[in-house]
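Basis for what follows: all heavy atoms, side chains included, without hydrogens, waters or symmetry-related copies. For this chain, numbers begin at 1 and follow the sequence in order.
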Amino acid sequence: MTSIVKLFVVSLDTRSERRFDLHVTIQQLKAKLELITGIPVQNQKILLHHGDEDSQVVAQLDDDAKPLGYYGVRDFQTIKIVDTNPSTSFTGQLSDVSQVEKFELSDDAYAQRTDSVLAYKQRHKVGRFAPPSTEPTPEPTVNIPIGSRCEVESTEPGLNKRGAVRYFGQTEFAAGLWVGVEYDEPMGKNDGSLKGVQYFTCRPNYGVFVRPAKVTVGDFPVEEIDFDDEEI
């Protein structure tokens with residue numbers, strides 16, 4: 001049986017999913033939580049809930065010498081960290097915008113400025129100030145064969161979203177060319193259909209539609225994703 005538990009850590013300014021060893025003491029846990037929430041160890045009151053929206057407190061983790069597992073913690077429960085003395089920390093101040101002095105400028109005053117984005121667009125005839133074009137923009141020539149292996153650009157460092165091309169062409173949900181990809185892992189958003197139209201067929205959450213610029217076709221074998229390499 002694993003000694004690692006997955007918990008949601010919630011404070012006034014933060015929310016994240018974390019993994020903890022059930023053998024760590026509450027004192028050691030508080031030291032970790034200070035790095036996550038910014039709440040000093042001596043100010044922390046830790047409450048265990050079944051979920052974020054559950055107002056009932058299952059237990060209060062208040063014995064610093066006891067291990068985390070003593071409180072019967074289970075995967076995907078929530079621990080809420082309350083700052084008992086926020087005056088000595090920044091708790092709540094990072095999300096309170098009422099204390100920020102706002103700069104306001106009327107539309108007329110903004111239109112009179114010569115160093116604004118609006119003035120730049122007017123001078124260079126950009127955006128809505130550009131003259132209307134009478135010629136349609138040609139679609140770029142792209143070669144993305146159906147059935148070919150591919151990799152989709154990801155914003156997460158080190159994450160390779162690999163799969164197979166299942167559709168390429170125009171769609172009803174948006175203009176331009178789209179690539180329908182069936183991922184190797186359930187990292188998609190659909191089953192190959194969108195807005196009532198089935199473009200290809202795959203398992204739920206394995207399908208996705210992306211622009212051709214985000215797709216690289218090549219020899220991309222199926223890659224196993226190890227979800228256990230996260231920091232504990």
Side-chain angles (χ1 to χ4, degrees), residues 1-103 151-163 183-190 203-206 208 222-232:
M1 179 180 294
T2 179
S3 64
I4 302 300
V5 65
K6 302 174 185 177
L7 299 175
F8 292 105
V9 176
V10 177
S11 69
L12 189 60
D13 295 318
T14 65
R15 184 187 187 281
S16 61
E17 181 181 337
R18 302 284 173 164
R19 294 184 176 195
F20 298 104
D21 193 317
L22 291 171
H23 297 106
V24 299
T25 65
I26 300 304
Q27 183 67 32
Q28 293 170 328
L29 176 65
K30 287 182 176 180
K32 295 176 181 290
L33 293 175
E34 180 175 5
L35 300 177
I36 298 171
T37 66
I39 301 175
V41 169
Q42 65 273 17
N43 290 6
Q44 293 180 23
K45 181 169 72 172
I46 306 175
L47 305 176
L48 179 66
H49 296 259
H50 287 305
D52 284 11
E53 305 300 326
D54 183 14
S55 60
Q56 181 178 359
V57 177
V58 179
Q60 180 172 336
L61 285 56
D62 53 2
D63 190 335
D64 290 347
K66 288 286 195 299
L68 179 60
Y70 170 81
Y71 293 94
V73 178
R74 302 192 308 272
D75 278 339
F76 303 115
Q77 286 186 312
T78 298
I79 52 175
K80 295 184 179 180
I81 298 83
V82 179
D83 191 342
T84 59
N85 190 10
S87 63
T88 62
S89 65
F90 290 103
T91 302
Q93 298 183 34
L94 301 179
S95 56
D96 184 6
V97 297
S98 63
Q99 303 181 38
V100 180
E101 183 179 353
K102 298 177 177 60
F103 173 76
E151 189 169 270
V152 178
E153 178 183 320
S154 174
T155 57
E156 301 180 42
L159 177 60
N160 300 321
K161 295 185 177 181
R162 296 182 177 181
Y183 283 141
D184 298 331
E185 302 287 342
M187 298 184 292
K189 298 182 178 180
N190 53 60
R203 289 171 290 178
N205 296 324
Y206 278 75
V208 72
V222 177
E223 184 176 66
E224 294 293 334
I225 298 180
D226 186 0
F227 290 102
D228 293 326
D229 288 338
E230 298 179 30
E231 182 179 348
I232 297 175

Item to check | side-chain contact (heavy atoms from CB on, under 4.5 Å) between L7 and Q77, worked out | outcome: CA-CA 5 Å; L7 299 175; Q77 286 186 312; 4.1 Å; yes

Next on the checklist: With heavy-atom distances below 4.5 Å as the criterion, would you say the side chains of T84 and Q44 are in contact?
Outcome noted: no

Next on the checklist: So, taking the atom named CG in L33 and the one named CD in Q28, what distance separates them when rounded to the nearest 0.5 Å?
Outcome noted: 12.0 Å

Checklist outcome for this item: The reported gap from OG in S11 to CD1 in I39 (rounded to nearest 0.5 angstrom) is 5.0 Å

Checklist entry - Just wondering, do R74 and H50 contact through their side chains at under 4.5 Å, heavy atoms? => result yes

Item to check | Residue pair N85 / S87, side-chain donor-acceptor N/O under 3.5 Å | outcome: yes

Checklist entry - Would you call Q27 and V41 a side-chain contact if the rule is heavy atoms closer than 4.5 Å? => result yes

Checklist entry - Judged by atom type as modelled, is there a donor-acceptor pair below 3.5 Å linking the side chain of D75 to the main-chain atoms of K6? => result yes

Checklist entry - Where do Q60 and Y71 come nearest, in terms of heavy atoms and distance? => result O-CE2, 3.6 Å

Checklist entry - What is the distance from atom NZ of K80 to atom NZ of K45, rounded to the nearest 0.5 Å? => result 12.0 Å

Next on the checklist: Measuring only between side-chain heavy atoms, which start at C-beta, is L29 closer than 4.5 Å to I46?
Outcome noted: yes

Next on the checklist: As an exercise, state the distance from CG of L47 to CG of D62, rounded to the nearest 0.5 Å.
Outcome noted: 9.5 Å

Next on the checklist: So which atom in F8 and which in D52 form the shortest heavy-atom distance, rounded to 0.1 Å?
Outcome noted: CB-OD1, 4.2 Å

Checklist outcome for this item: Nearest heavy-atom contact between G188 and V208 is CA-CB, 4.4 Å

Checklist entry - V73 and I79: side-chain contact (heavy atoms from CB on, under 4.5 Å), yes or no, with the steps? => result CA-CA 10 Å; V73 178; I79 52 175; 5.7 Å; no

Next on the checklist: With a 4.5 Å cut-off on side-chain heavy atoms, are D21 and I4 touching?
Outcome noted: yes

Checklist outcome for this item: H23 and P67 have their tightest heavy-atom pair at O-CB, 4.0 Å

Checklist entry - Where the side chain of N160 meets the backbone of R162, is there a donor-acceptor pair that is under 3.5 Å apart? => result no

Checklist entry - When you look at Y70 and I26, which way does the side-chain contact (heavy atoms from CB on, under 4.5 Å) test go after all the steps? => result CA-CA 10 Å; Y70 170 81; I26 300 304; over 6 Å; no

Next on the checklist: Test side-chain contact (heavy atoms from CB on, under 4.5 Å) on T37 and V9; report intermediate values, then the result.
Outcome noted: CA-CA 8 Å; T37 66; V9 176; 4.1 Å; yes

Next on the checklist: With a 4.5 Å cut-off on side-chain heavy atoms, are M187 and L159 touching?
Outcome noted: yes

Checklist entry - Distance-only, no hydrogens or angles: does the T25 side chain make a donor-acceptor pair with backbone N or O of A65 under 3.5 Å? => result no

Checklist entry - Which distance, rounded to the nearest 0.5 Å, do you find between the CD1 of I81 and the NZ of K30? => result 11.0 Å

Checklist entry - Do other residues, nucleotides or ligands put more than 12 heavy atoms under 6.0 Å from E53 CD? => result no

Item to check | Nearest heavy-atom neighbours spanning S154 and K161 | outcome: OG-CE, 4.0 Å

Item to check | L61 vs L48 side-chain heavy atoms within contact, under 4.5 Å | outcome: yes

